[in-house]
Amino acid sequence: MEIPKAYDPSQAEENHYARWESSGFFAPEINEDPNAEPFSIVIPPPNVTGTLHMGHALQHTLMDVLTRWKRMLGYRTLFLVGVDHAGISTQLMVTRQLKKEEHNNPKDIGREAFTAKVWEWKNKYGCEITRQIRREGLSVDWTRERFTMEENLSRAVREVFVRLYEEGWIYRGTRIVNWCPKDKTVLSDLEVKEEKAKDGKLYYLKYPVKSFESRLQPASAAAPPEGGTQNKFITVATTRPETMLGDTAVAVNPEDERYKDLIGKTIALPLTNREIPIIADEYVESEFGTGAVKITPAHDANDWEIGERHDLEKLVIMNDDATMNSAAGKDFEGLDRFEARTKVIEEFEKLGLLEKIEDYDVTLPHCERCKTVIEPLLSEQWFVKMDEMRDLALNLMREEALPHFFPEVPHKKVYTTWLENLRDWTISRQLWWGHQIPAWYDADGNVYVARTKEEAFEQAGTQDLTQDQDVLDTWFSSALWPFSTLGWMSEPGGVATGEFHASDLETFYPTNVLVTGRDIIFLWVSRMVMTGLKFMGEKPFDDVIIHGTVLDKNGQRMSKTKNNGIDPLDVFAKYGVDATRMALAGSATGVDFAWRDERVESFRNFSNKIWNATRFALMNSEGATVQNSPPSEGEVAAASADGVVLSLPDRWISSRLNKTAKAVNRALETYQFHEAVQLLYHFFWDDFCDWYIELKKDEITAGDIESSSRILTILEQALRLLHPFMPFLTEELWQKLPGISNQLHNQAYGKAEQTIMLTTFPTGDDSLIDEAAESEMASVIELITKVRNIRAEMNIKSGDRLAIHVAGLKEIQSIFAANEAQIKKLARADNIVLAEKLEVPKASARAVLTGNAEIAVPLEGLIDFEKERERLQGQIEKLDVELQRLNGQLSNKNFVDKAPEEKVKELRDRKAEIENQSATLGLNLEALN
RNA sequence: GCCGACUUAGCUCAGUGGUAGAGCACUCGCUUCACACGCGAUAGGCCACAAGUUCGAAUCUUGUAGUCGGCACCA
């Protein structure tokens with residue numbers, strides 16, 4: 001078999017995915033065991049407009065590792081895939097395209113034609129992200145692919161809306177909301193980001209108090225008014241002067257002595273013809289600013305509340321694009337809010353009513369998507385009342401402490417605290433792309449909320465109804481994802497992305513684990529929990545893995561503005577998908593980490609290492625086959641009865657493999673992906689390649705079929721262990737192994753499919769863990785390493801063969817005797833002399849081994865005595881440092897008295913060992929003089 | 001302002017009461033018949049700082065400093 005010297009990931013990546021998918025390996029039905037336990041994960045649906053980024057790549061890898069692992073363990077596994085309709089971004093994208101290609105606006109073509117355009121766009125371009133998901137190798141079930149806007153999921157959305165409305169958990173109300181003037185829609189609190197304004201200012205405006213108005217002459221107002229009371233004016237401070245056009249009061253604290261006499265008086269509001277009252281409200285803090293606050297109830301949340309308390313007029317002075325409307329007055333109508341600000345200031349200046357302007361640190365709400373400054377605006381919207389919803393989630397948290405967050409700190413607390421302070425959720429959006437709100441209005445403005453138009457007609461007793469023009473927040477439909485995708489409210493047939501299976505909901509809900517990013521805990525996780533509890537009566541998942549953020553190499557968050565993003569597809573192309581997956585899974589769960597190409601590169605090298613180890617095994621595999629494994633205890637017994645005695649390396653590697661398998665399973669059970677990656681890397685590279693293959697090399701190249709078969713058997717199991725992390729490489733290599741037969745396959749899978757992904761995942765067999773073999777191998781490794789050290793330090797040419805003299809107890813001698821050939825090969829020696837005492841020439845390099853053994857390598861003519869002295873001296877010094885520490889600890893009476901006996905004994909043994917080694921080295925050193 | 005996390009080898013990060021670890025980089029050697037995306041051998045850290053608990057602290061507690069994040073913000 002011709003196998004290239006270097007691994008080419010792109011080949012393997014092309015070879016297998018299509019076959020896996022078309023063979024139905026990803027679908028739960030592949031598991032025909034009627035008793036198989038289900039395991040399910042739903043993908044956090046990426047935006048239909050989105051493209052893959054590192055965050056996706058990370059979370060997708062973790063989910064796929066879990067899924068493939070569970071599938072190999074025999075679970076009936078569903079990894080459900082799909083995308084969401086991403087209301088605003090999709091609408092904006094299609095609008096842009098419409099303008100560019102057809103020079104048309106959505107308004108001009110109308111709602112129906114526009115949504116048709118969006119569907120067209122979705123069908124054409126919306127599969128970009130799904131193509132990328134295939135590229136990642138995700139074992140998601142494409143036959144069940146979902147889309148939030150498809151009919152079945154939309155039916156679920158309507159059902160939830162109607163039921164919540166009927167129970168009074170959804171209401172329509174007029175509130176101050178977050179208005180994005182660019183996107184022209186309302187946003188929920190979570191879609192708004194507070195950010196520092198670049199040059200925030202605090203403007204001090206003087207408002208003339210009505211009683212003194214007659215004395216004021218606008219033209220002469222530049223001169224300070226003389227005499228009279230000091231309260232001719234009341235000065236208010238504001239960061240948004242333009243809103244003064246909508247002021248309907250000025251408020252002061254009732255206890256504020258400065259203003260007490262003004263309460264109840266009125267103000268002639270400059271630039272308007274309006275007269276507004278001065279009111280007293282506890283909300284005002286006398287210490288801040290001037291202690292007097294302008295009140296704009298239609299443009300500020302706090303002001304709105306004051307307005308409610310004092311029954312103030314709520315004057316909306318802006319249009320939906322944040323230009324001033326007619327209520328702002330003729331001079332301002334049509335101006336943008338920031339132009340209006342400038343003009344207001346100019347006018348105040350002219351009137352002599354601008355007291356001062358101060359620099360001021362102000363944080364402003366920005367639209368998370370388009371970065372526009374949010375305008376708080378009085379508006380009628382639909383809301384979900386959160387108090388009872390929230391209690392569902394909080395009770396679950398208290399009673400069962402679910403969901404379990406991984407890592408638990410800090411997410412459990414953050415999540416709970418957020419729930420406790422939750423405010424109502426604005427769910428209507430002024431868009432056309434999304435689930436249109438199932439509410440209809442009659443001519444009188446009465447509302448009829450219904451599942452269908454027909455139901456609404458029936459309720460209203462008339463067909464003269466208009467449906468609410470708004471759609472629902474995309475997160476409203478995402479909140480239902482874990483059950484809407486599994487078929488809640490679904491009906492067979494109809495327009496759907498994937499197939500509907502009547503039993504899925506029962507089988508796969510609740511899902512087992514959710515993997516997602518921190519930023520989405522509130523937006524999505526909490527809402528899934530609430531709706532899941534409300535509508536399914538059960539939590540949507542037990543565990544939530546919150547993965548870390550992938551930062552750039554300088555530890556900065558990746559962002560479009562900084563243009564420091566790393567495209568996973570580039571990384572795939574350069575290093576391979578599997579290497580990328582390893583690098584991602586190899587980061588600690590939940591911890592942010594700076595992306596370094598060097599790290600992926602090391603896993604690319606790892607791929608190549610495994611490739612070549614397999615290549616070597618195959619190059620010498622004439623007649624050898626993978627044996628059915630792991631062998632049963634009966635087979636082991638039979639083998640020993642046959643007089644087949646496994647060699648030390650064979651016993652050792654088997655022990656290492658089974659220990660590793662156990663540890664990998666343990667790590668995955670607690671979502672310690674990086675731990676598993678570490679274990680696999682170490683096993684393959686250090687144990688399997690550096691030691692096992694090297695120790696077996698002679699046997700294999702000599703054509704020992706037994707030996708080759710053993711290597712192949714170990715390799716086959718190790719590949720399975722690695723498969724969830726590196727699916728392409730492992731499949732590619734596994735396919736090449738000789739003797740892969742049906743009996744290797746997982747018993748759960750009735751079909752004898754030729755794929756590693758349906759083989760049994762090794763869980764580790766205790767009976768094959770062999771501590772004696774591990775300790776014997778440790779001695780062999782120590783011996784070889786010490787000799788190699790001597791070679792390196794003494795600059796022995798690699799071609800020069802040495803003799804090794806070993807002195808030690810019978811036990812250790814017999815270990816070395818049994819493995820003489822291998823030791824000779826790896827230490828490059830042509831002779832090993834075993835004895836109880838060393839009898840060697842003075843010109844020898846010396847070293848000590850654990851367990852009272854020592855070695856000497858005669859180097860007549862090659863030894864540099866000075867160097868050897870330094871070498872020994874260095875080793876003695878190292879031992880002495882440790883000895884000192886041990887002595888210190890053991891001479892501490894408190895330690896000896898209070899520490900556990902075991903611990904004390906351990907240190908005493910260690911001390912004896914070190915003293916011994918140090919003494920031996922000391923004698924060696926003296927002998928050199 | 002409130003809450004939280006982090007600070008360990010040059011870099012990126014594991015570890016979490018009992019001898020400090022990995023990968024990469026560095027140094028030295030190697031055309032050793034799977035792999036130079038390699039092999040072999042080294043070197044490198046008072047685990048941010050200070051105090052406390054303990055026989056024993058990188059690990060627990062408290063404080064300080066720096067970095068980052070979340071939440072809330074008074075016009």
Side-chain angles (χ1 to χ4, degrees), chain A residues 3 5-7 194 202-203 236-240 243 250-251 283-285 287-296 300 302-303 360 362-363 407 409-411 413-414 417-418 421 518-519 521-522 549 551 553 555-557 575 579 583 586-588 590-599 601-620 672 674-675 678 681-682 689-690 693-694 697 700-701 784-785 788-793 795-799 825-826 828 874 881-882 885-886 889 892-900 902-904 906-907 910 914:
Chain A
I3 302 173
K5 255 175 91 162
Y7 172 53
E194 297 287 340
L202 197 55
Y203 303 87
V236 295
T238 179
T239 55
R240 299 193 303 150
T243 61
V250 166
Y283 161 80
V284 179
E285 285 177 36
E287 293 72 31
F288 188 86
T290 63
V293 187
K294 60 187 278 305
I295 303 298
T296 325
D300 182 282
N302 290 315
D303 290 7
Y360 185 65
V362 57
T363 52
V409 178
H411 304 113
K413 191 178 165 187
V414 171
T417 314
W418 182 79
N421 300 299
R518 249 191 307 271
D519 51 337
I521 295 176
F522 308 145
T549 309
L551 308 169
K553 65 176 190 297
Q556 301 286 311
R557 292 180 88 92
Y575 302 103
S587 66
V591 179
D592 295 353
F593 65 101
W595 182 264
R596 314 226 94 214
D597 271 0
E598 291 90 327
R599 183 147 171 86
E601 200 180 326
S602 76
F603 287 110
R604 190 269 317 258
N605 298 350
F606 178 65
S607 314
N608 195 53
K609 188 74 181 171
I610 295 169
W611 173 267
N612 274 291
T614 308
R615 178 167 171 259
F616 173 74
L618 292 175
M619 278 166 57
N620 299 285
Q672 301 292 305
H674 63 289
E675 176 74 18
Q678 209 56 49
Y681 190 96
H682 176 255
C689 292
D690 284 354
I693 287 187
E694 294 303 331
K697 224 168 206 175
I700 288 171
T701 48
I784 294 169
T785 305
R788 283 170 170 175
N789 175 263
I790 289 170
R791 295 191 71 107
E793 297 279 327
N795 297 316
I796 310 297
K797 290 204 187 77
S798 59
K825 173 159 173 87
L826 298 190
R828 302 184 154 265
V881 169
E882 196 182 340
R885 197 180 43 74
L886 287 168
Q889 220 168 335
N892 182 344
K893 195 170 176 306
N894 279 329
F895 171 75
V896 180
D897 289 349
K898 294 190 182 173
E902 257 182 38
K903 199 77 233 168
V904 179
E906 201 181 300
L907 292 196
R910 178 78 191 143
I914 296 206

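The sequence lines fix the lettering, A, B, ..., with proteins before strands; numbering per chain opens at 1. These numbers come from a predicted model, not from an experiment.
- There is a side-chain donor-acceptor pair under 3.5 Å between A:Thr549 and A:Arg518.
- The separation of B:G69 from B:C26, taken at their P atoms, amounts to 32 Å, rounded to a whole angstrom.
- No engagement by A:Asn620 is indicated, since no non-hydrogen atom pair under 4.0 Å with the nucleic acid exists.
- Using a 4.0 Å heavy-atom distance criterion, A:Ala613 is classed as a base contact.
- Using a 4.0 Å cut-off, no side-chain N or O of A:Asn795 falls inside it from OP1 or OP2 of B:C28.
- The minimum heavy-atom distance between A:Ala292 and A:Val250, with the atom names listed, is CB-CG1, 4.1 Å.
- Nucleic acid contact class of A:Arg240 (heavy atoms, under 4.0 Å, all strands): none.
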N/O-N/O pairs, protein side and nucleotides 43-46 of chain B side, under 3.5 Å:
unit_1: B:A43; atom_1: OP1; unit_2: A:Lys878; atom_2: NZ; d: 2.9

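- The minimum heavy-atom distance linking A:Asp303 with A:Asp300 is given by the pair N-OD1, 3.0 Å.
- Distance noted for atom C1' between B:G15 and B:A36: 32 Å (whole Å).
- Nearest-nucleotide mapping onto RNA chain B: of A:Lys903 and A:Leu551, the residue sitting toward the 5' end is A:Leu551.
- Between A:Phe522 and A:Val414 the shortest side-chain heavy-atom distance falls below 4.5 Å.
- Ring-to-base geometry places A:Phe288 in a stacked arrangement with B:C74 (centre distance under 5.5 Å, plane angle under 30°).
- Spacing between B:G23 and B:C37 at atom C1', rounded to whole Å, works out to 14 Å.
- Of all heavy-atom pairs between A:Lys797 and A:Arg791, the closest is O-NH2, 2.7 Å.
- Of all heavy-atom pairs spanning A:Ala583 and A:Trp595, the tightest one is CB-CH2, 4.2 Å.
- Using a 4.0 Å heavy-atom criterion, one finds that A:Asn892 contacts the sugar-phosphate atoms exclusively.
- The distance from the CG atom of A:Leu826 to the CG atom of A:Asp690 is 10.0 Å, given to the nearest 0.5 Å.
- The P atoms of B:U62 and B:C73 are separated by 29 Å, rounded to the nearest whole Å.
- Side-chain nitrogen and oxygen atoms of A:Lys697 include at least one within less than 4.0 Å of the OP1 or OP2 phosphate oxygen of B:A34.
- A:Ala588 comes within 4.0 angstrom of sugar-phosphate atoms only, judged by non-hydrogen atoms across all strands, and of no base.
- Counting any heavy atom pair closer than 4.0 Å across all strands shown, A:Tyr360 reaches sugar-phosphate atoms only and no base atom.
- Contact annotation for A:Gln678: backbone-only contact, meaning every heavy-atom pair under 4.0 Å involves sugar-phosphate atoms and none involves a base.
- A close approach under 4.0 Å does not occur between any side-chain nitrogen or oxygen of A:Arg599 and OP1 or OP2 of B:U12.
- Remark: A:Lys413 is in phosphate contact with B:G4, judged by side-chain N or O atoms under 4.0 Å from OP1 or OP2.
- In this structure, A:Lys903 fails the cation-pi test against A:Phe895, since its NZ or CZ atom is not both closer than 6.0 Å to the six-membered ring centre and inside 45 degrees of the ring normal.
- A gap of 7 Å separates the C1' atoms of B:C28 and B:U42, to the nearest Å.
- Taking only distance into account, the side chain of A:Glu675 never meets the base of B:A22 through a donor-acceptor pair shorter than 3.5 Å.
- Residues A:Lys294 and A:Val236 come closest through the heavy atom pair N-CG1, 3.8 Å.
- Pairing analysis of RNA chain B (Watson-Crick: purine N1 to pyrimidine N3 plus N6-O4 or O6-N4; G-U wobble: N1-O2 and O6-N3; both under 3.5 Å) yields stems of 3 or more pairs at B:1-7 with B:65-71, B:10-13 with B:21-24, B:27-30 with B:38-41, B:48-52 with B:60-64.
- Residue contacts shown for A:Thr785 are limited to sugar-phosphate atoms, with no base heavy atom under 4.0 Å away.
- At B:C35, one or more side-chain N or O atoms of A:Lys5 fall inside 4.0 Å of OP1 or OP2 (strictly under the cut-off).
- Nucleic acid contact class of A:Glu285 (heavy atoms, under 4.0 Å, all strands): base.
- Counting distance only, with no hydrogens placed and no angle test, the side-chain atoms of A:Lys609 and the base atoms of B:C35 include a donor-acceptor pair under 3.5 Å.
- Contact annotation for A:Arg828: base contact, defined as any heavy-atom pair under 4.0 Å involving a base atom.
- Among the atoms of the strands shown, none is found under 4.0 Å from any heavy atom of A:Val236.
- Each of B:A34, B:C11, B:C37 was ranked by its minimum atom distance to the side chain of A:Ala6; first place goes to B:C37.
- Using P as the reference atom, B:U32 and B:C68 are 50 Å apart when rounded to the nearest Å.
- Contact annotation for A:Glu694: base contact, defined as any heavy-atom pair under 4.0 Å involving a base atom.
- Side-chain N/O atoms of A:Asn789 include none lying less than 4.0 angstrom from OP1 or OP2 on B:G40.
- Put simply, A:His411 has no side-chain N or O that comes within less than 4.0 Å of OP1 or OP2 on B:G70.
- Between A:Thr614 and A:Gln556, the residue anchored closer to the 5' end of RNA chain B is A:Thr614, taking for each the nucleotide with the nearest heavy atom.
- When the P atom is used for both B:A41 and B:C24, the distance is 14 Å, rounded to whole Å.
- For the C1' atom pair drawn from B:A43 and B:C49, the interatomic distance equals 28 Å after rounding to whole Å.
- If you check every strand for non-hydrogen atoms under 4.0 Å, A:Tyr681 touches sugar and phosphate atoms only.
- Distances shown here put a side-chain N or O of A:Asn605 below 4.0 Å from the OP1 or OP2 atom of B:G38.
- Contact of A:Arg604 with B:C37 (side chain to base): a donor-acceptor pair of N or O atoms is detected under 3.5 Å.
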